[in-house]
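Because only heavy atoms are used, hydrogens play no part in the values below, and waters and symmetry mates are left out as well, while side chains stay in. In the text below, chain A, chain B and the rest are named by the order of the sequence lines, each starting its count at 1.
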There are 2 protein chains.
Amino acid sequence: MSEIPLRVGELAARAGVTVRALHHYEEVGLLSPSRTAAGHRRYDAADVERLQQITSLRALGLGLDGVRAALDAPDFDPAAVVERHRAALDAEAARLGALAARLDALGRLLRQRALTGAPVDPDAFLTLTKAMTDVETHYTPEQLQQLADRREALGADAIRAVEAEWPRLFEALGKEMDAGTDPAAPAVQRLVDRWDELVGMFTGGDPGIRRSLGTAVEANRDGMSQMMGLDPDRMQALFAYAQDARDAREG
Amino acid sequence: MSEIPLRVGELAARAGVTVRALHHYEEVGLLSPSRTAAGHRRYDAADVERLQQITSLRALGLGLDGVRAALDAPDFDPAAVVERHRAALDAEAARLGALAARLDALGRLLRQRALTGAPVDPDAFLTLTKAMTDVETHYTPEQLQQLADRREALGADAIRAVEAEWPRLFEALGKEMDAGTDPAAPAVQRLVDRWDELVGMFTGGDPGIRRSLGTAVEANRDGMSQMMGLDPDRMQALFAYAQDARDAREG
DNA sequence: CCTTGCTCCTCACGCCGCGTGAGGTCCGTA
DNA sequence: TACGGACCTCACGCGGCGTGAGGAGCAAGG
């Protein structure tokens, strides 16, 4: 525990910061050590303590301005600082969460295409990505939040199960359609019921979200078919067939 | 749906980006429109499409380098890009989470001091902050993660309840100590049992974490007493009294 | 044809928290 | 006195634009 003032390198090593950072703190007027005659910096005990405070506040994620405010302002409300900063953190976390959601969705789509053997070349990737961001524009921020909540509530396993089921469902329904089965037939009805059930898991039964989903599909058939790994025309036909089945059910 | 090439301002408005951004994309070689004789930029349909791809990829959180890689590299693996980027996002989220945990802990301490009427002047704030970061150095990253998990498992309400209980517990135990009650007395035993119970909620019963907590307290009595809103000497005395009670229980 | 008012152009600095040299000086020890 | 290491001061770089400054093009009205 030497009491003699420290030189930059020594202080840097002890405090776990770089020499450059110490220089920088001095440049911005955060920490101003005394100098020797030759101009070498000397950090005394007070400087060391101030540096510790600086690093502590920095560890909270405060910017150097915030640190200066906390250290130099005589009137400053710690609780308010913590709260404001916490709010900023939350906002940032939300932003990251949104990005993560997008990436996850994209990852799901890529996995799906891998499952169905669809090509995943760069072009498809770009189309897919664009389709995804397009779709987002059809939901309000609140709805997107609801969707995220819904996914979290369902859990990753359930989502993966649904992902795996979709292509099979499409294929099965496509076979019935190709075979010319009556949309009112029980086999078709079961498939379409399951379809609606899966969609229901996704929408959480919210009619607003359902409507938005509808308009999103309407507005971007090509993108949606990309997302489903189907040919646009075939998707169109499948949707119509499923709608016939629903009409037959109700009427 | 005009098919004529767009001017910067128009494209910017439609695509939801700024003119400066379009200039920038051109500077870094991402999007190079043709020019009129006078040097004004003209964006044709291909340029518009490329911009859409750029904004889509940017919306995933990719940097401009990443965007260029995705758009210009003929061989590039979408899944790998998504996965790598997702991993980076997770790391960032973890960093934010750590910050949030620190801020929450600090917020708890500030609330606690407000409860007990202890002063929350800037100095106390700084000491507190420093004590917190000091304490962290006594835990391994794994242990810190465990503690975070534990807090999440307990939930905010339980934590708040515990927070409110601590000062009362200290006060009650302090009264017994001041009154000279035998540490083996049932009243004291009950209080110390509750003490250990609360600590157990925090540590999750992990002996490693308990040891680290012990060394942290040992190493920084002043800081810890700050965190508890007690005088260091009184904290010391309370700890000794509680230990006497534990010894009496076992022996 | 000229003016007006808008859009466009090209520099070029600023931000945030340092990292990373380059080129030169000082310090402690042999 | 010589040497190796620690120190010094510039000064640019990063990422993704924001924000002027200062000037020229463009469509429409007078």
Visitor: Taking the side chain as every heavy atom from C-beta outward, state whether A:M132 and A:L109 have any atom pair closer than 4.5 Å.
Guide: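 They are in contact (side-chain heavy atoms under 4.5 Å apart), so the answer is yes.
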Visitor: Quick check on contacts: within residues 18-27 of chain A, what sits under 4.0 Å from DNA chain D by heavy-atom distance?
Guide: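 Close to the strand are A:R20, A:H23.
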Visitor: Going by salt bridge (charged side-chain N to carboxylate O under 4.0 Å, His left out), name the pairs with one or both residues in residues 47-64 of chain B, residues two or more places apart or in two chains.
Guide: B:R50-B:D72
Visitor: Before giving the answer on side chain to side chain contact (heavy atoms under 4.5 Å, CB included), spell out for B:E26 and B:L31 the whole-Å C-alpha distance, their side-chain angles and the decisive distance to 0.1 Å.
Guide: CA-CA 5 Å; B:E26 188 172 0; B:L31 181 61; 5.8 Å; no
Visitor: How many whole angstroms separate atom CG of A:L11 from atom C1' of D:dA6?
Guide: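 In whole Å, D:dA6 C1' and A:L11 CG are 14 Å from each other.
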Visitor: Would you check if the side chain of A:H85 reaches a backbone N or O of A:G61 as a donor-acceptor pair within less than 3.5 Å?
Guide: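 Side chain of A:H85 to backbone of A:G61, a donor-acceptor pair under 3.5 Å: yes, one is there.
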Visitor: Which of residues 87-103 of chain B sit near DNA chain D, with a heavy atom under 4.0 Å from it?
Guide: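 Nucleic-acid contacts, sorted: none.
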Visitor: Report the residues that fulfil side-chain contact (heavy atoms from CB on, under 4.5 Å) with A:E83, sequence neighbours left out, ordered by chain and then residue number.
Guide: none
Visitor: Where is the tightest heavy-atom contact between B:L147 and B:F202, given as atom of each residue plus distance?
Guide: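 Closest heavy-atom pair between B:L147 and B:F202: CD2-O, 3.6 Å.
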Visitor: Does the side chain of B:L51 reach to within under 4.5 Å of the side chain of B:Y25, using non-hydrogen atoms?
Guide: yes
Visitor: Looking at residues 31-41 of chain B, who's got a heavy atom less than 4.0 Å off DNA chain C?
Guide: B:R35, B:G39, B:H40, B:R41
Visitor: For A:Q143 and A:S212, test the side chains for any donor-to-acceptor distance below 3.5 angstrom and give the result as yes or no.
Guide: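 Indeed, the side chains of A:Q143 and A:S212 share at least one donor-acceptor pair under 3.5 Å.
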Visitor: Using five base pairs at each end, measure the axis-to-axis angle across the helix from C:dC1-D:dG30 to C:dA30-D:dT1 and round it to 10 degrees.
Guide: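 The end axes of the helix from C:dC1-D:dG30 to C:dA30-D:dT1 are about 40° apart, to the nearest 10°.
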Visitor: Is there a residue in residues 47-67 of chain A whose heavy atoms reach under 4.0 Å of DNA chain D, and which residues are they?
Guide: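 Nothing qualifies; none.
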Visitor: Quick one: side-chain contact (heavy atoms from CB on, under 4.5 Å) partners of A:H40, sequence neighbours excluded?
Guide: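 Partners of A:H40 under the side-chain contact (heavy atoms from CB on, under 4.5 Å) test: A:R7, A:T36, A:R42.
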Visitor: Quick one: salt bridge (charged side-chain N to carboxylate O under 4.0 Å, His left out) partners of A:D65, sequence neighbours excluded?
Guide: A:R68
Visitor: Do A:T129 and B:Q53 make a side-chain contact, defined as non-hydrogen atoms from C-beta onward lying under 4.5 Å apart?
Guide: no
Visitor: Without decimals, in angstroms, what is the distance between B:E10 CD and C:dC6 P?
Guide: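 In whole Å, C:dC6 P and B:E10 CD are 17 Å from each other.
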Visitor: Mind checking side-chain contact (heavy atoms from CB on, under 4.5 Å) for B:V82 and listing every partner two or more places apart, or none if nothing turns up?
Guide: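 Counting only residues at least two positions away or on another chain, B:V82 forms a side-chain contact (heavy atoms from CB on, under 4.5 Å) with A:L103, A:L106, A:L110, A:F125.
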Visitor: A:R210 vs A:V199, test: side chain to side chain contact (heavy atoms under 4.5 Å, CB included). Steps then yes/no.
Guide: CA-CA 9 Å; A:R210 230 213 185 285; A:V199 171; 3.6 Å; yes
Visitor: Could you give the CZ-to-P distance, from A:R7 to D:dA6, as a whole number of Å?
Guide: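 So the two atoms are 9 Å apart, to the nearest Å.
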Visitor: Partners of A:A37 by side-chain contact (heavy atoms from CB on, under 4.5 Å), sequence neighbours excluded?
Guide: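 For A:A37 there are no side-chain contact (heavy atoms from CB on, under 4.5 Å) partners, ignoring immediate neighbours.
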Visitor: Would you list the pairs meeting salt bridge (charged side-chain N to carboxylate O under 4.0 Å, His left out) in which at least one residue belongs to residues 89-107 of chain A, sequence neighbours left out?
Guide: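 For residues 89-107 of chain A: A:R86-A:D90, A:E92-A:R95, A:R102-A:E136, A:D104-B:R86.
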